[in-house]
Every structure is written in structure tokens, then in C-alpha cells.
Amino acid sequence: MLRDTAKGTPPERDDDGMSHEQKMVYGKLVRDRIPEIITADGQIPRVRVLGDPDLLPALIAKLHEEADEVASAEPNARLGELADVREVLAALTIACDFTEVQVEEVAASKRAERGGFAQRLWLDEVLIP
């Protein structure tokens, strides 16, 4: 019998009665086709559909995860990571009952009022007389 090396105990039997030799715990929001991809790889995903109260915190956590991945990505991987951020933002927009048009209108308004980031300005400090 194989042992779970992390705990040193025999594998547990899940609710489905099957003994699983290894288990990877994720506890995160995933793209819609990820369970299908995991199954095609011969593994067994255990997923649940989030209800409304859990969706917004999960999307915000996913946005943080994807932003961290952009920050740590090699230059040739950044485009894919930015696409992931955009996908999460699109889902977050819907979850907040906004439209892409509304978000873009507010972004344009803020850009007109406060500017964008084209000038690459870094604020070091403000002196208060």
C-alpha cells in the first residue's frame, strides 16, 4: 500500500468509496474547461459551483493570483498572463452587474479627469509646507 508522504498515513477513501493514492488540493476558482482537461489527463477533479455569496471573493482572489503571475512572468509569457487578468476582469464585471461598456466609460472619464499612465510618473513624495 502506498502511503501519503505528507502525513505518513494510508490514503483515505473519499465519499465515492474510491481510494486515491495522491491528492492535490487547490481551493480556487478555475476556468470552465479545467475539469474537462484534468479528466482527459486521467485524473479526477472534485469541483463545486459557487453560489452568489462566494463568487465575488473568489474572483477577487483570482484577480490577485493572476496579477501576481503577471508580475513574476518572463517577458515572453506576459501576454498570456495579461489575457488571464482580462478574463478575470470580464467575469468580475458581470458578477458586479456591470457591462464592459460601463467600465470603459468610467475608465475614459477617470482618464480624462486624472490622466492615464502614459507618462510613467512615479510619485516619490509630497512636501507639505
Side-chain angles (χ1 to χ4, degrees):
M1 175 187 301
L2 293 177
R3 294 196 173 271
D4 179 346
T5 56
K7 295 182 180 177
T9 58
E12 296 179 23
R13 291 196 182 274
D14 288 337
D15 294 338
D16 60 9
M18 297 177 62
S19 175
H20 300 284
E21 300 300 331
Q22 294 180 346
K23 176 173 26 177
M24 299 286 295
V25 178
Y26 289 94
K28 67 179 189 174
L29 186 66
V30 295
R31 287 175 174 263
D32 297 339
R33 293 195 57 222
I34 294 302
E36 173 188 332
I37 293 166
I38 291 169
T39 300
D41 195 35
Q43 300 173 21
I44 304 166
R46 298 191 72 186
V47 298
R48 60 189 166 95
V49 177
L50 295 179
D52 289 340
D54 296 324
L55 181 59
L56 191 59
L59 283 166
I60 291 169
K62 191 68 172 182
L63 182 58
H64 285 281
E65 175 190 336
E66 297 299 347
D68 287 344
E69 290 179 11
V70 170
S72 63
E74 295 294 324
N76 62 344
R78 286 190 189 131
L79 181 59
E81 298 303 338
L82 288 170
D84 290 342
V85 169
R86 180 172 280 181
E87 193 71 23
V88 175
L89 286 173
L92 198 50
T93 298
I94 293 167
C96 291
D97 291 324
F98 299 124
T99 66
E100 293 286 341
V101 171
Q102 288 174 304
V103 172
E104 185 50 45
E105 286 173 351
V106 173
S109 175
K110 290 181 106 174
R111 194 176 311 113
E113 181 183 326
R114 304 184 73 130
F117 297 96
Q119 294 180 27
R120 304 177 180 192
L121 302 176
W122 181 271
L123 182 62
D124 285 317
E125 61 188 11
V126 175
L127 300 177
I128 302 170

Which atom pairs, one a donor and one an acceptor, fall under 3.5 Å between side chains of residues 67-92 and the rest of the protein, sequence neighbours left out?
residue: S72; atom: OG; partner: D68; partner atom: O; Å: 3.2
residue: D84; atom: OD1; partner: R31; partner atom: NH2; Å: 2.8

In Å, rounded to the nearest 0.5 Å, how long is the span from [atom1] of [X] to [atom2] of [Y]?
X   : Y    : atom1 : atom2 : value
T99 : E105 : OG1   : CD    : 7.0 Å
D97 : Q102 : CG    : CD    : 9.5 Å
K62 : H64  : NZ    : NE2   : 13.0 Å

Nearest atoms (heavy-atom pairs only) where [X] meets [Y]:
X   : Y   : value
P45 : P35 : CG-O, 3.6 Å
D54 : R48 : OD2-NH1, 4.4 Å
L55 : A95 : CD2-CB, 4.0 Å

Inset, instruction - Please confirm whether the backbone N or O of R33 pairs with a side-chain atom of E36, one donor and one acceptor, at under 3.5 Å? - result: no
Legend entry - Same cluster (ILVMFWY, side-chain, under 4.5 Å), I34 and L29: no
Legend entry - ILVMFWY cluster, L63 and I94 together (side-chain gap under 4.5 Å): no
Legend entry - salt bridge (charged side-chain N to carboxylate O under 4.0 Å, His left out) contacts touching residues 110-129 (sequence neighbours left out): E104-R111
